[in-house]
**Student:** 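Sharing a structure below in structure tokens format, with a few things to ask.
Letters A, B, ... are given to chains in the order of the sequence lines, protein chains preceding strands, and every chain is numbered from 1. Keep in mind that this is a model prediction, so the values were computed, not measured. Just the heavy atoms: all of them, side chains too, but no hydrogens, waters or symmetry mates, feed the values below.
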Amino acid sequence: MSLESWLKETEVEEEITFEEVEETTTTEEKLRLKGVYLVSADYDPDRSKVVLKFYDPKTEKIFLWYDCFNHKPYCYSKEDVEALKRKPEISQNERIVGLDREERLDPITDRKISVTKIVAADPLAIGGTRVSLREKLRVWEADIKYYLNYLIDMDLQIGIPYDVTKNKITESKLEMDPVATEIAEKVLKDVENKEEYEKWLKILSAEIPVFKRVAFDLEVFTEEEIIPSTSKADQPILAASFYGSDGLKKVLIHDIEGKLTEDMFKDKEYEVEIFRNEKSMIARIMEILEQYPFVITFNGDNFDFPYLYHRAIRLGFRKEDIPIKLGRNDARIIWGIHIDLYKFFFNKSVKSYAFKNRYDIVSLEEVSEALLGEGKVKLEEIVSKVSPSLLADYSFTDGKLTYELTSFNNDLVMKLITIIARISNMTLEDVCRLAVSNWIKNRLIQMHREKRYLIPLKDEIKAKGAERFTEPITKGKKYIGAVVVQPKPGVFFNVVVMDFASLYPSIIKEYNISYETVRCLHPECKDNIIPGTPHWVCKRKRGLMSEFVGIIRDLRVRVFKKLAKDQRLSKNLREFYDVVQGALKVIINASYGVFGSEAFPFYYLPAAESVTMTGRNVITKTIEYCRKLGLDVIYGDTDSLFLHNPPENKLDELVKFAKREFKLDLEVDKVYRYVAFSVRKKNYFGVLTNGQIDVKGLVGKKRNTPKLIKDAFFKSLEVLREVYTPEEFEKAKEQVKKIYFDTEERLKKREFTLDEVAISVVLGKRLEDYTSTTPEHVKAAKLLQTVMNREVKPGEVIRYVKTRGRLGVKPIEGASEKLIREIDVKRYIELLKSTFEQLMDAIGIDLEREVRGVNRLESFM
DNA sequence: GCGGACTGCTTACCT
DNA sequence: ACAGGTAAGCAGTCCGCG
């Protein structure tokens, strides 16, 4: 049967609709829920109310709770009520329902001001459309999402348990672990704002429930290797897979040709349901999904849910019967929480701080391979062409991997998301979709509100400070960054690396850096200068950012890191506290960067450069003190100092100096048996005292280096790992040389596979955006697109080889081993040479001379 | 018209 | 939509050279 006739046939079938979404419990008079976790909030435009989502771990269900306090959205004006009433934007707007005078503190001037609260009937009257108040008048606090505003006003905290009745929400009593209490009490004794700490301790140490969830993945028919259009949704769904925390393992298969039987899938590890009718299959998909309060996808915002939605519409479902809400950048499910892992793993902070850049490309394949050690089912062809059995396996594995990404290490990812939601007080959905500047922004907004500060507008912050003062070292940057010490070339045995514990956040904390405190308006603060700048810092008030970073940092170092190691606690609990301290670290590490990012509402270059300039001063002064102590500084970068053969007692003195002089913690980071430097910065290797190899920045470890060269490089490192004394170096050097020449021989004789000489480079932007130059990988990508008719997208890895042909490159995809004959061996030898030069430079081999020597020898033979 | 010096673009890395 | 600093290769341009 052709696809077209098949579609026609389905249209005449009887109407299938989704089951009614469960009526919310608010209508029940008796509603009484205990220990239910607040996980989300949203605005329901139909009821003109905020809806809260509570997760009950006992029944494993989500309850929707609609506002019953008649809370209204609002913003502020600096004009008085009378003046506002004279404005047509206010007087002729029936959606403005109230004007109230209020007192606020302007954090920039540190003076009380009177403002008018403009109350509206719905959030769109404030902002979000072209005719909203925000676009017409100069108003404050008008771009806070309404449901987040609600949480703040109602003093609600995401991620902790509540007892809920129809018209009352109270925090559940939380029992803190006695060990945690003991450690926390010590810290509480000497902090300036005890209540704030207590609040945080309670929020962060609350238990996290197991979230009942299902991972969901859709496979759709496609003619070519292109992603089907979600808006057209003109191709049938082929399969849907489910993997649930309750053990559900299921694949729904669409039997387009009417040839499938259940027997064909008998020995699978998952159940299979076969559907002749796509419409019933969609209804079944929805039925399964709705049994789970949390739905996990990998890219469900931009593919699975929009496709499902539009396909359902196309097949005749009514809009109001589909419980999916498609936004500009997200897909929400009205009965629960949709978590899109693609967005979460794409997050720069998550990628680097939580997962240490263990994955480079954000794809289900790469991320699972890196974090789970398990990849997708490999297909030789596109999904539309493989056998039903293979398609089912493929789909199932995608669902399974997606689920496992949330369950590995004892539900690490779910916990991480929950803890970040607690810190930022954002919904779980927002946490996994928005970036770190948003997380920090939301918590700062709440802090402003709690202190009754009026949140300044971006232009007010900008107008307050002079432009940046420093010149960046790197072209195209906005201000100066860190100091990198020129390394002393050579091999050094017994090297101790000292570093300042989270230097920038500590500076923000200790030096009171915040947008309102740097260049404050108090005359008496103007002598409190940041070294090397004309900026000064407030002496009268603690800055908001400084307070926030200070608390988070203290709690991490003094409470949660300790708890994570406390042997009196169960392994489970220690693991949990370790996740907490890890989440705190993610936030702390990003706290400086946001000051220099325009996307951040509290963007303020004088604050950013105050941090880096203080850092420069700290490291420079510490190096000077090392000289005084007779310590030999052979290298340093930003917050670290490499000391050659330092006497123990001198190190103690250095630590004391840092504490006394800067109030900062300097500590031993690592100790090298030996470390080898060339003249290059950020470029060295060493062997730690435990025998572990540490390579930094060398070409040999870069992801785009061909395997052949990489292997030779790491083989050499293995040799160097066995070196314990300067004498042993000589033998090792000979071995490294041999590895080099052996590899060169292999290249000359073409004894390699295509895979070994493939160069993998990420395509950074769309092909047509490379306007000034055409780098090699772009040439290869263009060949892929034009010759092989294969669409290439930014973010994709292009694998190519260097050839002797006109263009000099060819893509690997679809090529046979015959391509080896075209390889430009000469250019690979150059690559090998430069890779080894970095290594050999450091250990004192002049590669150029060695090569000439051998060549001369060869020419005689 | 050609080659070396130079600059700018691009990617990947370090802290 | 967190930052700046560094290395390296290649593409493209400029300049000198009878």
**Student:** State whether A/His777 places a side-chain N or O below 4.0 Å from either non-bridging phosphate oxygen (OP1 or OP2) of B/dT10.
**Tutor:** no

**Student:** Please find out if less than 6.0 Å separates the ring center of A/Phe355 from that of A/Phe345.
**Tutor:**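 Judged by ring-centre distance (under 6.0 Å), A/Phe355 and A/Phe345 do meet the cut-off.
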
**Student:** With a cut-off of less than 4.0 Å, is there a side-chain N or O of A/Thr474 near OP1 or OP2 of C/dG5?
**Tutor:** yes

**Student:** Have a look at A/Tyr800 and tell me which of A/Glu776, A/His777, A/Lys810 forms a side-chain hydrogen bond (donor to acceptor under 3.5 Å, both in side chains) with it.
**Tutor:**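 Result for side-chain hydrogen bond (donor to acceptor under 3.5 Å, both in side chains) with A/Tyr800: A/Glu776.
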
**Student:** Look at A/Ser437 and C/dC2 and indicate whether a side-chain polar atom (N or O) is within less than 4.0 Å of OP1 or OP2.
**Tutor:** yes

**Student:** Figure out the NZ/C1' separation between A/Lys343 and C/dA1, and round it to whole Å.
**Tutor:**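 Going from NZ in A/Lys343 over to C1' in C/dA1 covers 13 Å.
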
**Student:** Counting just side-chain N and O atoms, does A/Lys802 come under 4.0 Å of either OP1 or OP2 of C/dC10?
**Tutor:** yes

**Student:** Would you indicate, yes or no, if C/dA11 has its OP1 or OP2 atom less than 4.0 angstrom from a side-chain nitrogen or oxygen of A/Ser772?
**Tutor:** no

**Student:** Just checking A/Phe662 against A/Phe657, ring centres under 6.0 Å apart?
**Tutor:** yes

**Student:** Among C/dT6, B/dG8, C/dC2, which is the nearest nucleotide to the side chain of A/Lys681?
**Tutor:** C/dT6

**Student:** Give A/Gly481 one of three labels, base, sugar-phosphate or nothing, depending on what nucleic acid heavy atoms sit under 4.0 Å from its own.
**Tutor:**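 Sugar-phosphate, no base atom in range.
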
**Student:** What is the nucleic acid contact for A/Ser352, judged by heavy atoms within less than 4.0 Å: base, sugar-phosphate only, or nothing?
**Tutor:** base

**Student:** Rounding to an integer number of Å, can you tell me how far A/Lys458 NZ sits from C/dA1 P?
**Tutor:** 14 Å

**Student:** Can you check the A/Tyr770 OH to C/dG12 C1' distance for me, whole Å?
**Tutor:**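 Those two atoms, OH and C1', are 17 Å apart.
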
**Student:** Can you tell me how far P of B/dT10 sits from NZ of A/Lys782, to the nearest Å?
**Tutor:** 12 Å

**Student:** Establish, yes or no, whether a centroid distance under 6.0 Å links the rings of A/Tyr515 and A/Phe595.
**Tutor:**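 No: the rings miss the under 6.0 Å criterion.
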
**Student:** For A/Tyr479, which contact category applies under a 4.0 Å heavy-atom criterion: base, sugar-phosphate, or nothing?
**Tutor:** sugar-phosphate

**Student:** Tabulate atom names and distances for all N/O pairs under 3.5 angstrom spanning the protein and nucleotides 12-15 of chain B.
**Tutor:**
unit_1: B/dA12; atom_1: OP1; unit_2: A/Arg703; atom_2: NH1; d: 3.1
unit_1: B/dA12; atom_1: OP1; unit_2: A/Val762; atom_2: N; d: 3.0
unit_1: B/dC13; atom_1: OP1; unit_2: A/Arg703; atom_2: N; d: 2.8
unit_1: B/dC14; atom_1: OP1; unit_2: A/Gly697; atom_2: N; d: 2.9
unit_1: B/dC14; atom_1: OP1; unit_2: A/Lys701; atom_2: NZ; d: 3.0
unit_1: B/dC14; atom_1: O2; unit_2: A/Lys682; atom_2: NZ; d: 2.9
unit_1: B/dT15; atom_1: OP1; unit_2: A/Tyr684; atom_2: OH; d: 3.0
unit_1: B/dT15; atom_1: O3'; unit_2: A/Asp637; atom_2: O; d: 3.3
unit_1: B/dT15; atom_1: O3'; unit_2: A/Asp639; atom_2: OD1; d: 2.3
unit_1: B/dT15; atom_1: O3'; unit_2: A/Asp639; atom_2: OD2; d: 3.4

**Student:** Students often get this wrong, so: under 4.0 angstrom with heavy atoms, is A/Lys441 touching a base, only sugar-phosphate, or nothing?
**Tutor:** nothing

**Student:** Just wondering, more than 12 heavy atoms not from A/Lys765 lying within 6.0 Å of its NZ?
**Tutor:** yes

**Student:** What is the separation between atom CG on A/Leu807 and atom C1' on C/dC10, rounded to the nearest whole Å?
**Tutor:** 14 Å

**Student:** Verify the distance criterion only: is there a donor paired with an acceptor across the side chains of A/Lys670 and A/Tyr672 at less than 3.5 Å?
**Tutor:** yes

**Student:** Where each residue is assigned the nucleotide of DNA chain C containing its nearest heavy atom, which of A/Glu598 and A/Lys779 is assigned the position nearer the 5′ end?
**Tutor:** A/Glu598

**Student:** How many whole angstroms separate atom CZ of A/Arg827 from atom P of C/dG9?
**Tutor:**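 Rounded to whole Å, this separation is 13 Å.
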
**Student:** If the cut-off is 4.0 Å, is A/Gln838 near the phosphate of C/dA8, judged by side-chain N/O to OP1 or OP2?
**Tutor:**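 Answer yes for this pair, as a side-chain N or O of A/Gln838 is under 4.0 Å from OP1 or OP2.
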
**Student:** Closest approach of A/Asp340 and A/Gly300, non-hydrogen atoms and distance?
**Tutor:**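 Looking at all heavy atoms of both residues, the shortest contact is OD2-N, 3.3 Å.
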
**Student:** For a quick check of understanding: with a heavy-atom distance under 4.0 Å over all strands, which category does A/Ala482 fall into, base, sugar-phosphate or nothing?
**Tutor:**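 Result for A/Ala482 = sugar-phosphate.
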
**Student:** What is the distance, rounded to the nearest whole Å, between atom NZ of A/Lys477 and atom C1' of C/dC2?
**Tutor:** 12 Å

**Student:** Determine the minimum heavy-atom distance between A/Leu839 and A/Ser716, stating which atoms define it.
**Tutor:** CD2-CB, 3.8 Å

**Student:** In whole angstrom, what separates A/Ile619's CD1 from C/dG5's P?
**Tutor:**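 Roughly 15 Å, once rounded to whole Å.
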
**Student:** So A/Val778, base contact, sugar-phosphate only, or nothing? Heavy-atom distance under 4.0 Å.
**Tutor:**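 A/Val778: no heavy atom of the nucleic acid under 4.0 Å.
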
